[in-house]
2 protein chains.
Amino acid sequence: MSDMSIRSAYAGAVTSSPRWLTGPEQRAWQAYRRMTLLLNARISRELADDCGLSDPDYDVLSNLGESAERRCRVNELADRMLWSRSRLSHHLTRMQQRGLVSREHCADDGRGAVVVLTDAGLRKLEEAAAGHVEAVRRHFIDLLTPEEIDAFAGIGETVVTHLTDEGGAPA
Amino acid sequence: MSDMSIRSAYAGAVTSSPRWLTGPEQRAWQAYRRMTLLLNARISRELADDCGLSDPDYDVLSNLGESAERRCRVNELADRMLWSRSRLSHHLTRMQQRGLVSREHCADDGRGAVVVLTDAGLRKLEEAAAGHVEAVRRHFIDLLTPEEIDAFAGIGETVVTHLTDEGGAPA
DNA sequence: CCGCGATAGTTGACGTGTCACCGATGCACC
DNA sequence: GGTGCATCGGTGACACGTCAACTATCGCGG
C-alpha cells in the first residue's frame with residue numbers, strides 16, 4: 001500500500017465518496033507502512049546475523065526467560081504474546097528440533113502442555129539480548145526525542161486498545 | 001519481543017551495561033510491536049474477507065493501477081514497493097495463476113519482463129479500494145488527532161530515512 | 001456414571017517471504 | 001567481435017503464519 005496508489009485506485013473506481021485520506025493522513029499511513037517494513041526487516045536481519053535467531057524465536061525465548069522456572073503453559077504463552085495457538089505450536093515444534101525449548105506434560109491438566117526453556121535456549125537468549133537492544137536503540141529509539149517517544153507510545157496504545165476492545169484478537 | 005522480557009533476559013545475561021531501555025522507551029517499543037502485530041492482522045483480515053485479496057495482493061494491484069498503461073517493469077515495481085525481486089517474482093506467479101496480472105516480454109530489454117494489470121485485476125482493485133481505505137481510517141487514522149497524525153508521520157519518516165540511508169534496503 | 005459442549009493443543013495444506021543460485025541478456029572494454 | 005562482469009528475472013528449498021479439522025481431556029448437567 002504505497003503512497004498515492006490507494007487514492008488513485010480509489011479515484012478510478014468510485015464516483016461518490018467515502019472519506020478518502022487527506023494529504024497528512026496519507027503521509028502518516030505511508031510512513032507507517034514503510035517504517036514497519038524496513039524496521040522489522042532490519043532488526044530481524046541483525047538478530048539473525050548475530051546469533052542465528054529469527055525474530056519470533058527471540059520473542060519466544062524472551063517470554064520464556066521471564067517466566068517462573070523458565071516454563072509456561074502453551075496457552076498462557078500464546079495469550080501473552082498475542083499469538084494464535086497454532087502459530088505457537090508450529091513454532092515450538094521447530095524450536096524444539098533445534099533444542100531451544102522442550103515440551104512436558106502438564107500434571108494439573110491432562111490436556112495441557114508445558115514449554116520449558118532449555119539451557120541451550122537460555123544461552124542463546126543471553127547471547128542475543130544485548131545486541132537486540134542495541135539494534136532497537138540504533139534504528140528506532142535513539143532517533144527520537146523523549147517527547148516523540150512518549151507521543152509514539154501514546155499513539156500505539158490508542159490503536160492497540162481500540163483493536164483489542166473491538167474483538168480483533170488473533171485466533 | 002514483549003514488555004519486560006528483553007529487560008529481564010538482558011539483566012540475567014550481562015553484568016556490565018550497554019544502554020538498556022528506560023521505562024518510556026520500553027513502553028514505546030512495546031506499543032510499536034503490538035500495534036503493528038494487531039493492526040496488520042486486522043487490516044489484512046478485513047481485506048481478505050471483503051474481496052479475497054491478501055495485503056501483498058492489494059499492494060501489487062494498487063501499484064500497477066497507478067502505473068502508466070497499467071503496466072510496469074518488474075524491477076521498477078520491486079523498487080517502488082521496497083520488495084526484493086525474488087519476493088515479487090514469486091508473488092506475481094501466484095497472482096498470474098489467479099488471472100490478476102500477466103507477464104509480457106519487454107521489447108527494449110531482452111532480459112526484462114513487464115507486468116500488466118489484467119481487466120480482472122483492475123476490477124478486483126476497484127472492488128477492494130473503498131473498503132480498504134475505510135479500514136485504515138477506522139483502525140488507525142480516525143483514532144488520532146491531527147497533531148498526532150503529523151507527529152506520527154514525522155517519526156516514521158525519520159526512521160525510514162535513517163534505514164534507507166544506512167543501506168538497509170531489501171535485496 | 002453418562003453425555004456433551006468447551007477447552008488445550010496438534011496437525012496438514014497452503015500462501016507467503018528469504019536465501020542462494022541459475023540462465024540469459026546487456027554493456028563496456030579491449 | 002570476443003571477454004567479463006553487472007543486471008534482469010526466475011526457481012527450489014526452506015522458514016513462517018493461517019485456516020480448518022482433529023484428538024483428547026475437562027467439567028457440568030442429568
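Letters A, B, ... are given to chains in the order of the sequence lines, protein chains preceding strands, and every chain is numbered from 1.
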For A:Arg98, is there an ion pair with A:Asp57 - N to carboxylate O distance below 4.0 angstrom?
yes
Mark yes or no for a side-chain to base donor-acceptor pair under 3.5 Å between B:His90 and C:dT18, with no hydrogen or angle criteria applied.
yes
side-chain N/O B:Ser86 vs C:dA20 OP1/OP2, d < 4.0 Å:
no
Closest-nucleotide 5' rank along DNA chain D - winner of A:Arg87 and A:Gly110
A:Arg87
What is the separation between atom CZ on A:Arg42 and atom C1' on C:dT18, rounded to the nearest whole Å?
17 Å
Given D:dG17, D:dC8, C:dG9, identify the nucleotide with an atom nearest to the side chain of A:Pro56.
D:dG17
Whole angstrom value for the distance that separates P of D:dC16 from CG of A:Leu53
10 Å
Is there a salt bridge (charged side-chain N to carboxylate O under 4.0 Å, His left out) between B:Arg123 and B:Glu127 once you walk through the steps?
CA-CA 6 Å; B:Arg123 279 195 300 274; B:Glu127 179 189 335; over 6 Å; no
Whole angstroms only, please: what is the CH2-C1' distance between A:Trp83 and C:dG9?
16 Å
A:Arg98 near the nucleic acid: base, sugar-phosphate alone, or nothing, with a heavy-atom cut-off under 4.0 Å?
nothing
With no angle test and no hydrogens, is the base of C:dT11 tied to the side chain of A:Ser89 by a donor-acceptor pair under 3.5 Å?
no
To the nearest angstrom, the NE2-P distance between A:His91 and C:dT11 comes to 16 Å
What contact category does B:Arg94 fall into here, base, sugar-phosphate, or nothing, at under 4.0 angstrom with non-hydrogen atoms?
base
Looking at A:Arg33 and B:Asp55, is any side-chain nitrogen of the basic one under 4.0 Å from a carboxylate oxygen of the acidic one?
yes
Both A:Asp108 and A:Asp57 contact DNA chain D. Taking the nearest nucleotide for each, which residue is further toward the 5' end?
A:Asp57
Please state how far atom CD in B:Glu104 lies from atom P in D:dG9, giving the value in whole angstrom units.
14 Å
Nucleotide C:dT18, atom C1' - distance to CE of B:Met81 in whole Å
16 Å
Quick one: A:Gln96 CD to C:dT11 C1', roughly how many Å, whole number?
14 Å
Just compare C:dT10, D:dT18, D:dG9 and give me whichever is closest to any side-chain atom of B:Arg73.
D:dG9
Less than 4.0 Å between a side-chain N and a carboxylate O, is that true for B:Asp59 and B:Arg80?
no
Is it the case that A:Arg87 and A:His90 place a side-chain donor and acceptor less than 3.5 Å from each other?
no
D:dT7 C1' sits how many Å from B:Asp109 CG, rounded?
8 Å
Distance check: side-chain N/O of B:Arg111 vs OP1/OP2 of D:dG10, anything under 4.0 Å?
no
